[in-house]
Amino acid sequence: MEKGLVSVDRWTEGSQAYFLTHLHSDHTQGLSSTWSRAPIFCSRITAKLFPFKFPDFNLSLLRVVDVGFWYSLSLVFPSSASRTTVEFMPIHAHHCPGAVMFLFRGDFGWMLYTGDFRWEANSERAQLGRTTLLNALKGHRLDVLHLDNTYCNPSYDFPPRSVAAQQVVDIIVSHPEHDIIIGIDTLGKEELLLRISRLLKTKIWVWPERLQTMHLLGFHHIFTTKTTLTRIRAVPRYSFSIDTLEELNKKCPTIGIMPSGVPWLMKPSDGADNLFGSLLTSHYKKRQGSTSGRLQNGKFKDNIKPVDGRHRYIYSVPYSDHSCYAELQEFIELVQPISMKGIVSSSCCYVDPVYYFGRLCGGSKPLERLSDKQEKEDGSERVVAPEMKSCLVSAKSTNTDRKRKTGKGGSTGIHALRRVRRGAKIIQNDFSADSLES
DNA sequence: GCGATCAGCT
DNA sequence: CACAGCTGATCGC
């Protein structure tokens, strides 16, 4: 697509329409409360959470779009000044709440920007996403795929989140007398916590700001800020350290669970000195090509252990909101892009997806999807609404009625965890969970 | 004093 | 190795 038309998760000058896939900070760099450049298209949930991250943002600039619908924009080619129509459809990304991919079509062809996404082919909701995508493509292949290449390396091999979630539950169940702390971020991993709560019939502690987020997401009665109500606490990942755990263990037996854990394959026998420090380099080298820790009978057996003998309190569980290598491959085979580019390029270890998956690209081969026939037999086309929603860039604002509440941060009574309360901004725009509904 | 940006840490 | 995000220092206004 020509430059100057649309930007996805990029906030520099020069585009006519801006798209936000989800609210993680690395996708909002350059976006701030003072934004006034142009409207921003995002999912309903992202719009709902938006004021929480950007308190004084002019919400009339947000355009809520729904998954599975086509939308139409009238834009101007910067080069020729001629008008063109760009159509786009949001598609579930199954990354964090509100996360979507954006599929574009226009004079430039077909383009998909995945944002961050997880493609667990076997889960029911992933089937839904798959059907939505295939129906939207209608047999066309992608001219350009912008892919979440976070784990674009064959060594990144981890199970579906349902399996990892069960591992977390197993760890908790096997420590009936322990307090449990789970490291999470400001958004994401909600389903893991819900599952724990449901299976173990317990509430889960979160810090006050996170409770507000949970309420915005519609999770009531499951989370609490009262430590006395539960032995399971979800804490900010940045407050989660070996020191924290050792401190906590002076008062009460406590284990920590890291559900994001990059070192999924770290084994106790490796004898690392610490989780995050310099020795991780040697870990990384050791595990290249290693098969230990791999899936065995549906379980990553090596991971049901503390990651390190010396820090027996910490468990690393391979729960990831990004697609693993095998899932990326499956996704690329499904959409058969003619060209492809990674969206994660900031790190020094950027892996061009073409390096591993280039053989799956190219325009020579005619499009033939094994799945086409199956899709038709499914009769699952109902997922995609045939009608077109129109929304011109310059048009009206969204009807995001503000409903101000007298917002309190939640209860206090916090404990030894470092810095949990520090940096807690007073949120002035406290949207009720329902204010953006319908 | 404020926001934006960056380095550092986990 | 690096995710995603917080903290704190610094710079420009």
Problem - side-chain N/O A:His24 vs C:dC3 OP1/OP2, d < 4.0 Å - result: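 Checking C:dC3 against A:His24, no side-chain N or O comes under 4.0 Å of OP1 or OP2.
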query: Is any side-chain N or O of A:Ser25 closer than 4.0 Å to OP1 or OP2 of C:dG5?
result: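 Affirmative; the distance criterion is met.
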Spacing between [X] atom [atom1] and [N] atom [atom2], to the nearest angstrom:
| X | N | atom1 | atom2 | value |
| --- | --- | --- | --- | --- |
| A:Asp185 | C:dT7 | CG | P | 13 Å |
| A:Glu190 | C:dA4 | CD | P | 14 Å |
| A:Phe240 | C:dC6 | CZ | P | 17 Å |
| A:Ile242 | B:dC9 | CD1 | C1' | 14 Å |
| A:Leu23 | C:dC6 | CG | P | 12 Å |
| A:His95 | C:dA4 | NE2 | P | 6 Å |
| A:Tyr238 | B:dT10 | OH | P | 14 Å |
| A:Asp56 | B:dG3 | CG | C1' | 12 Å |

Quiz item: Has the side chain of A:Arg237 got a donor or acceptor that lies under 3.5 Å from a partner of the other kind on the base of C:dC3?
Solution: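 Result: at least one qualifying N/O pair found.
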Under the ring pair (Phe, Tyr, Trp, His ring centres under 6.0 Å) test, residues paired with A:His178 that sit two or more places apart:
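Here the qualifying residues are A:His175.
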Notebook entry, point to check: What pairs of residues pass the salt bridge (Lys or Arg N to Asp or Glu O under 4.0 Å) test when at least one of them lies in residues 13-38 of chain A, not counting sequence neighbours?
Noted result: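 Applying salt bridge (Lys or Arg N to Asp or Glu O under 4.0 Å) to every pair that reaches into residues 13-38 of chain A, excluding sequence neighbours, yields nothing.
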* Are A:Phe50 and A:Phe57 near enough that their ring centres are under 6.0 Å apart? ->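 For A:Phe50 and A:Phe57, the ring centres are under 6.0 Å apart.
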Please report whether the ring centroid of A:Tyr113 lies less than 6.0 Å from that of A:Phe102.
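No, they do not, as the ring centres are separated by 6.0 Å or more.
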Can you tabulate the close N/O pairs, meaning under 3.5 Å, that link protein atoms to atoms of nucleotides 4-8 of chain B?
unit_1	atom_1	unit_2	atom_2	d
B:dA4	OP1	A:Ser32	OG	2.8
B:dA4	OP1	A:Thr34	OG1	3.0

### Task
Would you classify A:Asp116 as touching base, sugar-phosphate or nothing, given that sugar-phosphate means primed atoms plus P, OP1 and OP2, and contacts are heavy atoms under 4.0 Å?
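It contacts sugar-phosphate atoms only.
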May I ask you to check if A:Arg130 and A:Trp119 form a cation-pi contact, with NZ or CZ under 6.0 angstrom from the six-membered ring centre and within 45° of the axis?
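Output no; distance or angle outside limits.
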Any ion pair linking A:Asp179 and A:Lys251 (charged N to carboxylate O, less than 4.0 Å)?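 Salt bridge flag = no for A:Asp179 with A:Lys251.
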**Item:** Any A:Arg161 side-chain heavy atom under 4.5 Å of A:Asp321 side chain
**Value:**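 Contact flag for A:Arg161/A:Asp321 side chains = yes.
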